Colleague: 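What follows is a structure written as structure tokens; I'll ask about it next.
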Amino acid sequence: MELQLPPHEGDELCVVDMHTGGEPLRIIVSGYPEVKGGSVLSKRRYARDHLDHLRRLLMFEPRGHYDMYGALVVGSELPEAHLAVLFLHNEGYSTMCGHAVIALGRFAVDYGLVKDPQSPETQVNIHCPCGLVKAFVEYSDGKTGAVRFLSVPAFAFATDVAVAVEGFGEVTVDISYGGAFYAFVDARRFGLDVTKSRTRDLVDAATAVTKAVKSQLKLHHPTSDDLAFLYGTILTDGKEDHSSEPTANMCVFAEAQVDRSPTGSGVTARVALQYHKGLIGLNQTRTFQSGATGSRFTGKAVQETVCGDFKAVVVEVEGRAFYTGVSRFVQEPEDELKHGFLLK
Ligand SMILES: O=C(O)[C@H]1NCC[C@@H]1O
């Protein structure tokens, strides 16, 4: 039987839902008004200033949940881009999202955003707010598979910085950029284990670090002030030296939102940090495991480059994404909760 909604007013919002390493991605396919702006960064500002009710509608309950993540496909000003994307989360709009790029790579090939897909791999150029990200999607017999991507130049911003963290005293953090800025701290500093401790305890510690860094350090990005903010804190198991064993981390970003995946932009930033510290060399692959679900990405630095005055690296991250469904969302005018709500 074909499922139909009873007669209703207003536009429908149609989405394709996927997950990458357990982290949801709600890809908005239709129903959004035009997102105005001459660049992806200005479209991000426009969506924040004029269309935020739609982010809340699709990310918040009852259609989403506290940790929902979204991608809105928009046009790019770059001729080489197959698509541009805005990233949506519980607090606003991110500048980079690796788990989304992995899912969007498959989506772009499967939904015909890329003409003439090639085997064994199809390149999909995804224009993210942080810049152009090149994804390479496994493709054979008409089916898409694993995705690897080359991110924007990643760099260590500051290492071994002492910040005063409420409830924990002085904590030493590293700050690194992988399309978004993260603070990195070994979870053992808080008596925690990223794979075994209660999620709530990890979130509390990471959130306290984020708060401290935001209030005590000024971040700077060479290409745009829109990129110069701390996106979150990543707690690690401290296994930074090169090894064939996986290393685990837990990313807490936006408004205490927990990434179920190993965090593509976090892996990018962490690889840049390890490279900066001389702990890994070019093309030395490391496996990164999500403290939340155990899902894995691999990451390696593949090329030295620069970003303004920072010595930087291009990092390649690889992972897998899967489809979970498609939905058509509506709002009924009489629904008192039609604008969405969040439970912490
Ligand atoms: O994989 C990533 O990079 C993203 N996942 C959620 C938080 C980050 O944006």
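Quantities reported herein were computed from a predicted structural model and do not represent experimental measurements. One-based numbering, in listed order, for ligands and for the atoms of each. Positions are given from 1, in the same order as the sequence printed here.
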Colleague: Might you work through the ring pair (Phe, Tyr, Trp, His ring centres under 6.0 Å) test for His221 and Tyr177, ending with a clear yes or no?
Modeller: CA-CA 9 Å; His221 190 281; Tyr177 178 81; 4.5 Å; yes
Colleague: Please check: side-chain N/O of Thr263 versus main-chain N/O of Ser265, any donor-acceptor pairing under 3.5 Å?
Modeller: no
Colleague: Which pairs, with at least one residue in residues 127-155 and sequence neighbours excluded, count as a salt bridge (charged side-chain N to carboxylate O under 4.0 Å, His left out)?
Modeller: Glu121-Arg148, Arg148-Glu316
Colleague: Is there any salt bridge (charged side-chain N to carboxylate O under 4.0 Å, His left out) pair reaching into residues 50-64, and which pairs are they, with sequence neighbours excluded?
Modeller: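 For residues 50-64: Asp52-Arg55, Asp52-Arg56.
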Colleague: May I have every N or O pair linking ligand 1 to the protein at under 3.5 Å, one per line with atom names and distance?
Modeller:
residue  : atom  : partner : partner atom : Å
ligand 1 : 1 (O) : Gly98   : N            : 3.4
ligand 1 : 1 (O) : His99   : N            : 2.8
ligand 1 : 1 (O) : Gly264  : N            : 2.7
ligand 1 : 3 (O) : Gly98   : N            : 2.7
ligand 1 : 3 (O) : Gly264  : N            : 3.4
ligand 1 : 3 (O) : Ser265  : N            : 2.8
ligand 1 : 3 (O) : Ser265  : OG           : 2.6
ligand 1 : 5 (N) : His99   : ND1          : 2.9
ligand 1 : 5 (N) : Asp259  : OD2          : 2.7
ligand 1 : 9 (O) : Tyr69   : OH           : 3.2
ligand 1 : 9 (O) : Met96   : O            : 3.2
ligand 1 : 9 (O) : Tyr231  : OH           : 2.8

Colleague: Under the ring pair (Phe, Tyr, Trp, His ring centres under 6.0 Å) criterion, do Phe181 and Phe229 qualify, and how do the steps go?
Modeller: CA-CA 6 Å; Phe181 283 97; Phe229 67 95; 7.9 Å; no
Colleague: Is there any ring-ring contact (aromatic ring centres under 6.0 Å, His included) pair reaching into residues 109-144, and which pairs are they, with sequence neighbours excluded?
Modeller: Phe107-Tyr111
